[in-house]
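Structure, as structure tokens:
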Amino acid sequence: MHTNYKLEIEFLKKVEKSNNRTVLTLDQIKNLLSKYPKAPEDYLIYLQEIGSGSFRESQFNIASSLFDLEDLGLEDHYELKSNVWFFGDNFCGDFSGFDFDQNDGKVVEFWNETGELYYTDKSFQAYIREQMLMDEDGNEIA
């Protein structure tokens, strides 16, 4: 089944006053995929349909490309296996991404207070819905 984000797009229209997201072009997606061939399809489709940037007035931020601790200048502060790539953050110093060694498309979280990885066992789409405070039917979670 092909992933789409119609429900999420409609939800965000209802709960956001405005958005500053940038939808990636097909060429940008191809470039991202050439750099990170293990990037999950639901993540790439999200970038094409919803785009990079924050949602729900800084509830969560999705970057336009994957990044690691070295990109953030944090490699001297935390020890983390090398094949973990992040796609976003919660504006509190915690990052979310993928462990490409697992190659299962499930989201991992990096908790800055402990320097540990937490394996969520959630697909990108399920994880992002949770971050949007949205249930599976497109309703807001109180």
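Note that the structure is predicted; figures quoted are calculated from it, not measured.
For an aromatic pair to be called close, the ring centres must be under 6.0 Å apart, and Phe87 with Phe95 fails this.
In terms of heavy-atom proximity, Ser52 sits nearest to Leu24 at OG-CD1, 4.1 Å. Heavy-atom minimum distance, Asp68 versus Phe86: CA-CD1, 4.1 Å. For the residue pair Pro40 and Phe100, the shortest heavy atom distance occurs at CD-CE2, 4.4 Å.
Hydrophobic clustering (ILVMFWY, side-chain heavy atoms < 4.5 Å, transitive): Ile9 and Val15 are in one cluster. By the rule that hydrophobic residues join a cluster once side-chain heavy atoms approach within less than 4.5 Å of another member, Tyr118 and Leu69 end up as members of separate clusters. Transitive grouping of hydrophobic side chains (ILVMFWY, heavy atoms separated by less than 4.5 Å) brings Leu12 and Phe124 into a common cluster. Residues Ile50 and Leu133 are members of separate hydrophobic clusters, defined by side-chain heavy-atom contacts under 4.5 angstrom among Ile, Leu, Val, Met, Phe, Trp and Tyr.
Using a 4.5 Å heavy-atom cutoff, the side chains of Asn139 and Met134 are not in contact. Residues Tyr46 and Ile128 form a side-chain contact, since some pair of their non-hydrogen atoms from C-beta on lies under 4.5 Å apart. In this structure the side chain of Val107 never reaches within 4.5 angstrom of the side chain of Ser123, judged on heavy atoms. Side-chain atoms of Asp135 and Glu140, non-hydrogen and from C-beta on, never get closer than 4.5 Å to each other. In this structure, Tyr43 and Leu66 have side chains that are in contact, with non-hydrogen atoms separated by less than 4.5 Å.
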Requested in this report: Apply side-chain contact (heavy atoms from CB on, under 4.5 Å) to the pair Ser64 and Thr22, showing each step before the final yes or no.
Outcome: CA-CA 8 Å; Ser64 61; Thr22 304; over 6 Å; no
Query - Residues Val23, Glu49; criterion side-chain contact (heavy atoms from CB on, under 4.5 Å); working and verdict - result: CA-CA 6 Å; Val23 173; Glu49 294 186 5; over 6 Å; no
Query - side-chain contact (heavy atoms from CB on, under 4.5 Å) evaluation trace for Val84 with Phe110 - result: CA-CA 10 Å; Val84 172; Phe110 174 75; over 6 Å; no
**Report entry** Trace of the side-chain contact (heavy atoms from CB on, under 4.5 Å) decision for Met132 with Gln59
**Finding:** CA-CA 7 Å; Met132 287 179 182; Gln59 171 74 21; over 6 Å; no
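Listed by chain and residue number, Lys13 satisfy the salt bridge (Lys or Arg N to Asp or Glu O under 4.0 Å) test with Glu10 (two or more places apart in sequence, or in another chain).
Note: Glu109 CD to Thr120 OG1 = 6.0 Å, rounded to the nearest 0.5 Å. In this structure, the separation between CD on Gln48 and CG on Leu32 is 10.0 Å, given to the nearest 0.5 Å. For the atom pair CG of Leu33 and CD of Glu41, the computed distance is 10.0 Å after rounding to the nearest 0.5 Å. Between Asp104 atom CG and Asp121 atom CG the span is 7.5 Å, to the nearest 0.5 Å.
In this structure, the side chain of Gln125 engages the main chain of Asn4 through a donor-acceptor pair within 3.5 Å.
Using a 4.0 Å cut-off between charged side-chain N and carboxylate O, Glu8 and Arg129 make a salt bridge. Salt bridge status for Arg21 with Glu16: present, with a side-chain N to carboxylate O gap under 4.0 Å.
Screening residues 21-42 for ring pair (Phe, Tyr, Trp, His ring centres under 6.0 Å), with sequence neighbours left out, gives Tyr36-Trp85. Residue pairs satisfying the side chain to side chain donor-acceptor pair (under 3.5 Å) criterion with at least one member in residues 90-102, sequence neighbours excluded, are listed as follows: Lys81-Asp99, Asn83-Asp101, Asn90-Asp94, Asp94-Asn112, Ser96-Tyr127, Asp99-Tyr119.
No more than 12 heavy atoms of other residues, nucleotides or ligands lie within 6.0 Å of CD in Glu113, so this atom counts as exposed by the packing criterion. Residue-environment remark: NZ (Lys6) stays at or below the threshold of 12 foreign heavy atoms within 6.0 Å.
A parallel orientation is assigned to the rings of Phe60 and Phe55, their planes being inclined by less than 30° (bins at 30° and 60°).
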